[in-house]
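See structure below.
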Amino acid sequence: MSRRIRQARLTQTLAVAITGAAAAFIVTAALFLLGYILVRGLPAMSWEFISQPPRGQMKAGGILPSIIGTLALTSGTAAFALPVGVAAGIYLSEYAPRGRMTRIIRLAISNMAGVPSIVYGLFGLALFVILFSFGTSILAGALTLACLTLPVIITATEEALRQIPSDLRQASLALGATRWRTIYRVVLPAAAPGIVTGSILGLARAAGETAPILFTAAVYYKRQLPTSIFDDVMVLPYHIYILATQVTGRPDDIIWGTALILVGGVTAGSVIAATWRSLQRKKVRW
Amino acid sequence: MTESREQNVTGVFELENVSVTYGSEVAIAGVSMHIPPRAVTALIGPSGCGKSTLLRCLNRMNDEIGSAKVRGRITLDGADIYAKEMDPVELRTRVGQVFQKPNPFPMTIYDNVAYGPRTQGTRRRSELDEVVERSLKRAALWGEVKKDLKKHAFELSGGQQQRLCIARALATQPEVVLMDEPASSLDPISTQQVEDTIAELKEYVTIVIVTHNMQQAARISDLTAFMLRESMEEPAQLVEVGETRVMFTNPGDKRTEAYITGRFG
């Protein structure tokens, strides 16, 4: 074996080792994170924990108001962000002419994605809470989270639509379909799995955000469940923060229990999305 | 084909001095030709000679490419297809197209064929059933798929998919079907089946087919048009058009002869 080949082989072995180690590190970190939350959080799990409001200065009882609050906020976010995000993604992928205006729109979207979430919180406070007089409420929080999630959904939609071969669009147009009918009947159904997966990942992130809802939706303590979109709510991530920093003498496991519920909910969402996607993949393939 | 028969049927294209430009580049210049109804007209020529571009003028698919501009006059059954009152969407229900690669929609066989009629507003099941069956029969696919119309189109073989695309194009009951190298991605047996289908189709529709396979043009077409772009600085032109039999045995132009006998391209 020549020296050159020996060296090439060594480099190759090193490359496999280094990239493999990085991958192994990620798997370990993820497993450790989830495992730790599971181990610390499981002792707190009980029917009372998920079905009752907190009691005894939040040192006991359950976290039902926070679960309901997070569900309400996330649904509200989906209700605003999905239609606008998907529509904007469709416009960018299917209609937007190649030009300066489109470049500016794209730039605006990637800038939106780069804005720190606390800034969204301030923005939401100024615009939705104060200017629109929605108060600290589910509505204001959902709108703020929607702004934060929009770039993710727009980008996911645009990417998913771009994956659809232009052949299909041409075939539909050549059959006397308008552009809109082509999008609605051929392109969107084919792109749906990608759009849904991307959107759920975006929403899952929104569900775990604290900073944007700090000033716009979250409340420290409230036994009653919300009855309207103008109510403020307890929410899981903020509740974790409160428990960890403001409540002295509480048992540690209720913090980890709350974290477990949040991570579990978000993971369930991602798993449902992934499963649905792979089922669709079997039906649709190029 | 007699004159009187030609007067009664539809699907006649007349091209007068047609040119196509992309931005500042002239792709095709000065094409004039007559495309007779109920016959197969083949467009042949080397790669990049504007065959496909010319084909896409006939159903205004060039409109979908932003920078393409068509000049001259193209009429279908006497009506200028680039006139203001001509709606390209409506035109395409009269002038169907089959593409180079089979491109069925990701849906069932039935829904693929019913797509065009549904787009035109046909909702009645019985009517759709009828048009699906007739179109599949004309595309010579009915026998193979009549038991699994609910099957996903992607489960068909490449050749079957292409005949499905032909059936889909026929379902809007077009007067003309344009085909852009419809067999170029198929194996020889599938190619043979598609060619047989084309031969039967000309009973119902006018067919304009782009092919770079000269044997294919010789086998299936009645009329052959030879296009050529002599250099990158010049636009592509129509060298000559005539009866296929004559073109292949006794071409009028030296360049046609050179191309047909395989001296270039």
Side-chain angles (χ1 to χ4, degrees), chain A residues 86 90-106 157-197 276-286, chain B residues 55-56 58-67 87-108 111-121 135 151-155 161-162 164-174 176-180 185:
Chain A
V86 171
I90 290 173
Y91 176 78
L92 280 176
S93 158
E94 306 294 316
Y95 287 115
R98 244 160 263 211
R100 205 156 139 221
M101 201 55 217
T102 309
R103 273 210 308 280
I104 292 173
I105 296 174
R106 286 229 164 77
T157 303
E158 210 191 332
E159 289 298 316
L161 291 173
R162 277 186 199 285
Q163 305 260 316
I164 308 306
S166 66
D167 271 21
L168 284 185
R169 296 181 179 84
Q170 302 244 337
S172 174
L173 292 172
L175 285 164
T178 57
R179 276 206 172 203
W180 171 245
R181 191 177 166 83
T182 300
I183 293 166
Y184 182 70
R185 294 300 305 273
V186 178
V187 185
L188 263 187
I195 295 174
V196 169
T197 319
W276 185 73
R277 187 191 176 112
S278 74
L279 286 177
Q280 290 291 307
R281 272 278 163 77
K282 272 175 208 149
K283 270 198 278 173
V284 181
R285 53 177 191 266
W286 344 102
Chain B
L55 192 77
R56 284 197 303 267
L58 303 180
N59 60 349
R60 293 187 57 176
M61 282 298 277
N62 279 333
D63 290 18
E64 302 299 330
I65 308 164
S67 59
D87 177 24
V89 171
E90 197 250 315
L91 171 72
R92 291 180 197 136
T93 66
R94 296 169 58 196
V95 184
Q97 183 172 354
V98 175
F99 295 81
Q100 194 166 348
K101 253 176 46 198
N103 56 357
F105 298 131
M107 40 178 97
T108 65
D111 288 341
N112 260 282
V113 184
Y115 186 87
R118 280 176 173 151
T119 299
Q120 288 168 283
S135 308
K151 230 164 78 172
H152 201 278
F154 291 176
E155 290 177 40
Q161 285 187 13
Q162 193 61 306
L164 176 65
C165 292
I166 294 175
R168 184 176 65 183
L170 292 173
T172 61
Q173 306 187 33
V176 184
V177 174
L178 311 176
M179 300 188 173
D180 192 351
S185 70

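Residue numbering restarts at 1 for every chain, and letters A, B, ... go by the order of the sequence lines.
A donor-acceptor pair under 3.5 Å links the side-chain atoms of B:Asn103 to the main chain of A:Asp167, judged by distance alone.
With a threshold of 4.5 angstrom between heavy atoms, B:Val98 does not approach chain A through any atom at all. For chain A, the nearby parts of B:Glu64 are the backbone and the side chain; heavy atoms of each come within less than 4.5 Å. For A:Arg169, no part lies under 4.5 angstrom from a heavy atom of chain B. Contacts of B:Phe99 with chain A are made by side-chain atoms alone, with heavy-atom separations under 4.5 Å and no backbone atom involved. For a residue to count as touching a neighbouring chain, one of its non-hydrogen atoms must lie under 4.5 Å from one of that chain's; by this rule B:Arg118 touches chain A with backbone and side chain alike.
In this structure, A:Leu168 and B:Phe105 approach most closely via the heavy-atom pair O-CE2, 3.5 Å. Minimum heavy-atom separation, B:Tyr115 to A:Leu175: CD2-CD1, 3.7 Å. Here the closest heavy-atom approach between residue A:Gly176 and residue B:Thr119 is recorded as O-CG2, 3.5 Å.
With a 6.0 Å radius and a threshold of 12 heavy atoms from other residues, nucleotides or ligands, A:Tyr95 has its OH atom above the threshold.
The side-chain contact (heavy atoms from CB on, under 4.5 Å) check on B:Asp63 picks up B:Arg60, B:Tyr82, B:Pro88, B:Arg92, with sequence neighbours excluded.
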